[in-house]
Amino acid sequence: MSGIMVMSCAPQQKKLVYPETAKVDTVDVYFGTQVPDPYRWLENDTSAATTAWVEAENKVTNEYLSQIPFRENLLKRLTQLADYEKISAPMKKHGKYYFSKNDGLQNQSVFYVQDALDSEPRVFLDPNKLSEDGTVALTGLYFSNNGKYTAYSISRSGSDWSEIYVMDTATGKLLEDHIEWAKFAGAAWQGDGFYYSAYDAPTKGKEFSNVNENHKVYYHKIGEPQSKDKLIYQNTAYPKRFYTVSTSQDERILFLFESGAGRGNNLSIRDLSKPNAPFVQLTTDLDYQYSPIEVIGEKIYLTTNYNAPKNKIMVADINRPKLADWKELVPESESVLSDAEIIGGKLFLTYDKDASNHAYVYDLDGKQLQEIKLPSLGSVGFRGDKDDKECFFGFTSFTIPGATYKYDMDQNTYELYRAPKVEFNSDDFVTEQIFFPSKDGVKVPMFLTYKKDLKKDGKNPVFLYGYGGFGISLNPGFSAARIPFLENGGIYVQVNLRGGNEYGEEWHVAGTKMQKQNVFDDFIAAAEYLIDQKYTDKDKIAIVGGSNGGLLVGACMIQRPDLFRVAIPQVGVMDMLRYHKFTIGWNWASDYGTSEDSKEMFEYLKAYSPIHNLKPGTTYPATLVTTADHDDRVVPAHSFKFAATLQAANDGTYPTLIRIDSKAGHGAGKPMAKVLEEQADIYGFIMYNLGMKPKF
């Protein structure tokens with residue numbers, strides 16, 4: 001492995017020498033078609049050979065990144081920018097206020113409690129004390145309805161596996177209760193115990209790669225060992241589905257959610273006020289979403305997209321709860337209903353209009369009372385109790401870090417409760433929204449954020465970001481990590497691709513299965529529009545995306561290698577023929593389809609699967625693949641095999657590197673120190689390969 005000679009800030013490094021990656025003669029046969037998989041051995045993430053390969057790849061990558069002339073100054077600037085107080089909106093429980101706060105550079109945010117809004121906060125739970133290196137993250141906090149206990153869930157090293165602990169709320173004393181191998185579940189309290197979902201303990205050594213099957217719901221009584229927990233529900237007929245639960249605040253209703261086989265979920269309820277009451281299934285179609293908001297008296301308030309692609313509010317009667325008897329309360333509108341809360345006996349509804357949030361207050365009879373005029377185009381989240389008129393909301397935009405406001409629902413006014421101070425001047429930047437035509441003529445929105453004095457001379461560096469899947473909307477949001485790029489003349493572009501939920505379920509479906517190519521076409525069209533309108537040119541565009549967005553980057557850099565200068569596929573789904581064979585990959589079939597569904601589906605997937613479409617001798621963009629050893633959502637094998645294939649295919653004009661983080665997972669809960677190092681590497685790689693000469 002050779003060193004790298006840096007001639008100047010423009011990337012003119014010598015040709016990199018990559019580790020040699022052994023090939024095996026594994027061949028799979030799909031509907032009569034032979035498909036080689038020469039790097040299959042890299043799927044074994046615990047083998048000595050894979051470990052050696054990871055070390056060798058990281059060595060080349062670290063050597064390259066360390067020689068970017070401005071990387072250290074970039075890390076300093078990112079650290080300076082991240083060093084601001086981040087405080088959540090307060091949450092009121094049993095007469096006290098709870099909030100999370102990060103002083104700036106703490107690895108994990110700390111939870112505080114205060115007796116009144118103007119009283120001195122004291123530490124309630126400090127996750128930084130749960131590990132020496134900050135790799136244990138708090139993933140949930142669950143207060144018992146009687147106020148006696150607080151359960152909290154943690155994740156280790158970024159894994160989706162979680163453990164649940166319990167503490168005495170008043171004293172903070174940790175109790176002996178400890179739940180292991182929980183996944184995609186919190187603690188749903190009933191009396192002196194809670195419901196949770198877990199899997200059987202996995203095979204040793206395969207904790208982060210084997211398929212997860214047989215999700216079960218248990219009830220844990222405080223003071224008992226986990227081995228005595230009562231099995232409440234399992235469905236052996238569908239071992240690959242998720243079964244999760246929640247309880248209403250009055251503890252009368254236990255909600256059971258079944259998902260993992262369609263684009264939505266089934267909903268069942270059990271009336272806990274009646275001993276040994278059975279679960280009653282309310283719905284029968286896993287392609288619609290059914291989400292309870294709260295139970296008030298005999299009524300269950302719900303949001304659903306059943307016969308309403310943009311969502312509506314309905315009401316069910318506990319005594320006649322099946323879907324056929326639900327009543328419509330707030331009908332579907334032109335905008336997408338994206339969130340609903342009941343606070344102080346009123347409905348707080350958040351709607352997405354062209355990917356920005358708008359907020360309204362309704363009474364419980366479905367009558368609109370008022371609109372809450374938000375500070376600007378951005379994203380909002382409300383906090384409050386169904387019986388308490390005290391209400392807070394958090395608000396953020398591309399240039400406004402998360403601020404908290406106190407809302408007066410009688411006056412329909414709000415005041416700033418607290419706002420962070422960040423070391424940059426937001427007035428220097430502007431955000432505009434543009435609608436551009438995709439390949440098939442469909443209008444797609446994107447947000448552009450840049451310095452006010454930007455010139456449209458076709459030379460501006462662009463950070464082009466997208467996701468486009470699973471009905472996930474990309475709303476405006478703040479990231480301190482983008483600021484050095486923006487300060488040095490860059491444009492941050494966020495595209496609202498099909499596959500998301502920005503315009504409801506129809507927009508989502510238009511980017512799924514055999515319409516997935518629409519998502520890539522939208523992203524490519526965004527880049528072409530930015531070039532056409534003289535914002536930038538093809539040598540100044542970096543494309544970035546994570547998870548399903550990593551697939552987006554992988555597919556687009558292969559379909560149009562000429563259009564992008566830099567590609568950053570993060571924790572991406574890269575092997576579309578085998579993705580469903582790992583951990584919870586099977587759960588993505590509703591968006592992707594699988595190679596086993598039909599000959600047509602196999603051929604469609606193979607036609608865009610990043611690993612299967614790299615062509616030897618091609619000039620691909622400068623690429624930094626990122627993944628982590630504890631990613632059990634999108635297993636690192638995807639990125640390993642893609643990087644190995646890309647290194648073999650690339651003509652060597654631009655670097656092809658993979659950055660493999662240790663003691664980290666899919667992204668959630670990553671300690672601040674690791675986040676800053678990763679951002680310095682990603683932005684450093686982008687800015688260097690776009691020929692930027694940043695001033696720090």
Side-chain angles (χ1 to χ4, degrees), residues 26-40 43 240 260-264 286-287 438-442 444 466-472 495 497-501 505-526 543 545 547-561 563 567 569 572-582 584-615 618 620 634-635 637-639 641-642 645-646 649:
T26 305
V27 176
D28 294 316
V29 180
Y30 300 88
F31 302 99
T33 301
Q34 291 197 336
V35 180
D37 193 2
Y39 302 116
R40 175 72 59 86
E43 289 181 2
K240 288 183 180 172
R263 298 189 306 272
L286 282 156
D287 272 335
S438 191
K439 186 178 181 180
D440 58 1
V442 168
V444 178
Y467 186 78
F470 300 95
I472 292 169
V495 195
L497 308 162
R498 279 175 282 186
N501 197 51
E505 186 61 4
E506 288 167 4
W507 191 253
H508 169 212
V509 173
T512 62
K513 293 189 175 175
M514 293 178 88
Q515 300 182 91
K516 185 68 178 173
Q517 185 58 40
N518 285 336
V519 184
F520 313 139
D521 289 344
D522 291 354
F523 205 51
I524 288 164
I543 53 172
S547 196
N548 171 71
L551 162 63
L552 168 75
V553 171
C556 290
M557 66 178 276
I558 287 165
Q559 292 181 15
R560 289 296 305 276
L563 190 58
V573 186
M574 299 307 205
D575 186 340
M576 296 310 295
L577 302 185
R578 288 176 58 77
Y579 75 84
H580 56 296
K581 295 183 181 291
F582 306 101
I584 58 152
W586 47 263
N587 179 47
W588 313 328
S590 58
D591 247 53
Y592 296 150
T594 76
S595 55
E596 293 162 10
D597 290 350
S598 66
K599 188 172 191 287
E600 292 73 24
M601 195 71 245
F602 154 68
E603 286 171 350
Y604 192 87
L605 287 165
K606 186 173 180 290
Y608 75 77
S609 176
I611 281 173
H612 300 97
N613 288 282
L614 288 160
K615 294 180 175 61
T618 305
Y620 288 108
V634 180
V635 293
H638 283 280
S639 294
K641 288 163 64 175
F642 179 72
T645 312
L646 180 59

Asker: A side-chain contact here means heavy atoms from C-beta on lying under 4.5 Å apart; do T645 and Y39 qualify?
Answerer: yes
Asker: Do the non-hydrogen side-chain atoms of W588 and L551 ever get within less than 4.5 Å of each other?
Answerer: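 Not touching, per the 4.5 Å side-chain cut-off.
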Asker: Do F582 and R578 touch side chain to side chain, with heavy atoms closer than 4.5 Å?
Answerer: yes
Asker: Is D440 salt-bridged to R498, cutoff N-O under 4.0 Å?
Answerer: yes
Asker: Could you give the distance from CE (M576) to CG (L605), rounded to the nearest 0.5 Å?
Answerer: 5.5 Å
Asker: Please list, chain by chain and in numerical order, all residues satisfying side-chain contact (heavy atoms from CB on, under 4.5 Å) with A555, sequence neighbours excluded.
Answerer: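 If we apply the side-chain contact (heavy atoms from CB on, under 4.5 Å) test to A555, skipping adjacent residues, the hits are F520, Q559.
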Asker: So, are E43 and R40 salt-bridged, with charged N and O less than 4.0 Å apart?
Answerer: yes
Asker: Could you tell me the separation between the CD1 atom of I558 and the OG atom of S609, rounded to the nearest 0.5 Å?
Answerer: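 Here the rounded value is 8.0 Å.
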Asker: Check whether any side-chain heavy atom of M574 lies under 4.5 Å from a side-chain heavy atom of H612, and answer yes or no.
Answerer: no
Asker: Among pairs that include at least one residue of residues 506-515, which meet salt bridge (Lys or Arg N to Asp or Glu O under 4.0 Å), considering only residues two or more places apart or in two chains?
Answerer: none
Asker: Angle between ring planes, F470 versus Y592, binned at 30° and 60°: parallel, tilted or perpendicular?
Answerer: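 Answer is perpendicular, since the angle exceeds 60°.
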Asker: With a 4.5 Å cut-off on side-chain heavy atoms, are M557 and P610 touching?
Answerer: no
Asker: Under the ring pair (Phe, Tyr, Trp, His ring centres under 6.0 Å) test, which residues partner Y467, sequence neighbours left out?
Answerer: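 Per chain and number, Y467 pairs via ring pair (Phe, Tyr, Trp, His ring centres under 6.0 Å) with no residue.
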